[in-house]
Undergrad: 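Please see the structure below; I have some questions.
From a predicted model like this one, the values you see are computed outputs, not experimental measurements.
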Amino acid sequence: MPLDLTDIYKSFSDFSRLRILHLLIQQPVCVCHFQAVIGLPQVNVSQHLAYLRKAGLVEFERVQTWKIYRIVSPCPPELGVNLRTLVESARFDPTFKQDLIRLREILKESRFSACVRIPPARRPRRLIATHAL
């Protein structure tokens, strides 16, 4: 089912949600790691994720008490185009670069945490290959 472009653009209108989406393009992420990377309280991160989920951009899997979020799969073409644009634009913003560095560091430190299901040493996935955009 196609996504409503208005929902996509409303979701993209908040800088914290853009940061969250940019991290999710790289790999699935647990709520606790979003908190550590973005520096927002859990309640704020959860509200942003709920907004993105309601808009149809992300989904989650429950692993014990943790929620692991990812970009919806299969990724609708209208979302894919906008996510590719986000990736290209983020290359020029130091905040997005720092987020990726922090995520790698956090995942490396919490390698044996129960909520981490993705090996931290992985290279970021290519958006086109992972989500069939």
Undergrad: Tell me the closest heavy-atom pair linking Glu59 and Ser73, and the distance in Å.
TA: OE2-N, 3.4 Å
Undergrad: Going by the salt bridge (charged side-chain N to carboxylate O under 4.0 Å, His left out) test, which pairs reach into residues 33-58, not counting sequence neighbours?
TA: none
Undergrad: Please evaluate residues Val29 and Val37 with respect to the criterion side-chain contact (heavy atoms from CB on, under 4.5 Å), reporting the C-alpha separation (whole Å), side-chain torsions for both, the decisive distance (0.1 Å), and the verdict.
TA: CA-CA 11 Å; Val29 180; Val37 172; over 6 Å; no
Undergrad: Applying side-chain contact (heavy atoms from CB on, under 4.5 Å), can you list everything that pairs with Ser46, at least two apart in sequence or on another chain?
TA: Val31, Gln42
Undergrad: Residues two or more places apart in sequence or in another chain: which of them pass ring pair (Phe, Tyr, Trp, His ring centres under 6.0 Å) with Tyr69?
TA: Phe60
Undergrad: For Pro94, give me all partners under side-chain contact (heavy atoms from CB on, under 4.5 Å), at least two apart in sequence or on another chain.
TA: none
Undergrad: Sequence neighbours excluded, which residues qualify as ring pair (Phe, Tyr, Trp, His ring centres under 6.0 Å) partners of Phe15?
TA: Phe96
Undergrad: Does any part of the side chain of His22, heavy atoms only, come nearer than 4.5 Å to the side chain of Gln26, both counted from C-beta?
TA: yes
Undergrad: Compare all side-chain heavy atoms of Asn44 with those of Ser16 and state whether any distance is below 4.5 angstrom.
TA: no
Undergrad: Please test Tyr9 against Asn82 for side-chain contact (heavy atoms from CB on, under 4.5 Å), starting from the C-alpha separation and ending with a verdict.
TA: CA-CA 9 Å; Tyr9 289 120; Asn82 285 285; 3.2 Å; yes
Undergrad: Sequence neighbours left out, what passes ring pair (Phe, Tyr, Trp, His ring centres under 6.0 Å) with His48? Give chain and number order.
TA: none
Undergrad: Do any pairs count as a salt bridge (charged side-chain N to carboxylate O under 4.0 Å, His left out) and have a residue in residues 89-103, sequence neighbours left out, and if so which ones?
TA: Arg19-Asp99, Glu88-Arg91, Asp99-Arg102
Undergrad: Got a second to check how far Leu79's CG is from Leu3's CG, nearest 0.5 Å?
TA: 6.0 Å
Undergrad: Going by side-chain contact (heavy atoms from CB on, under 4.5 Å), name the residues that satisfy it together with Ala36, two or more places apart in sequence or in a different chain.
TA: Ile106
Undergrad: Can you check side-chain contact (heavy atoms from CB on, under 4.5 Å) on Leu23 and Leu100, steps first, answer last?
TA: CA-CA 7 Å; Leu23 291 172; Leu100 293 178; 4.0 Å; yes
Undergrad: Which heavy atom of Ala55 sits nearest a heavy atom of Ser11, and at what distance?
TA: CB-OG, 3.4 Å
Undergrad: Going by the side-chain contact (heavy atoms from CB on, under 4.5 Å) test, name the single residue among Leu52, Leu49, Leu83, Ile20 that passes it with Leu57.
TA: Leu52
Undergrad: Under the criterion side-chain contact (heavy atoms from CB on, under 4.5 Å), I'd like the reasoning laid out for Leu21 against Val58: C-alpha separation, chi angles, the key distance, then a yes or no.
TA: CA-CA 8 Å; Leu21 287 168; Val58 301; 4.0 Å; yes
Undergrad: With sequence neighbours excluded, give me every salt bridge (charged side-chain N to carboxylate O under 4.0 Å, His left out) pair touching residues 4-16.
TA: none
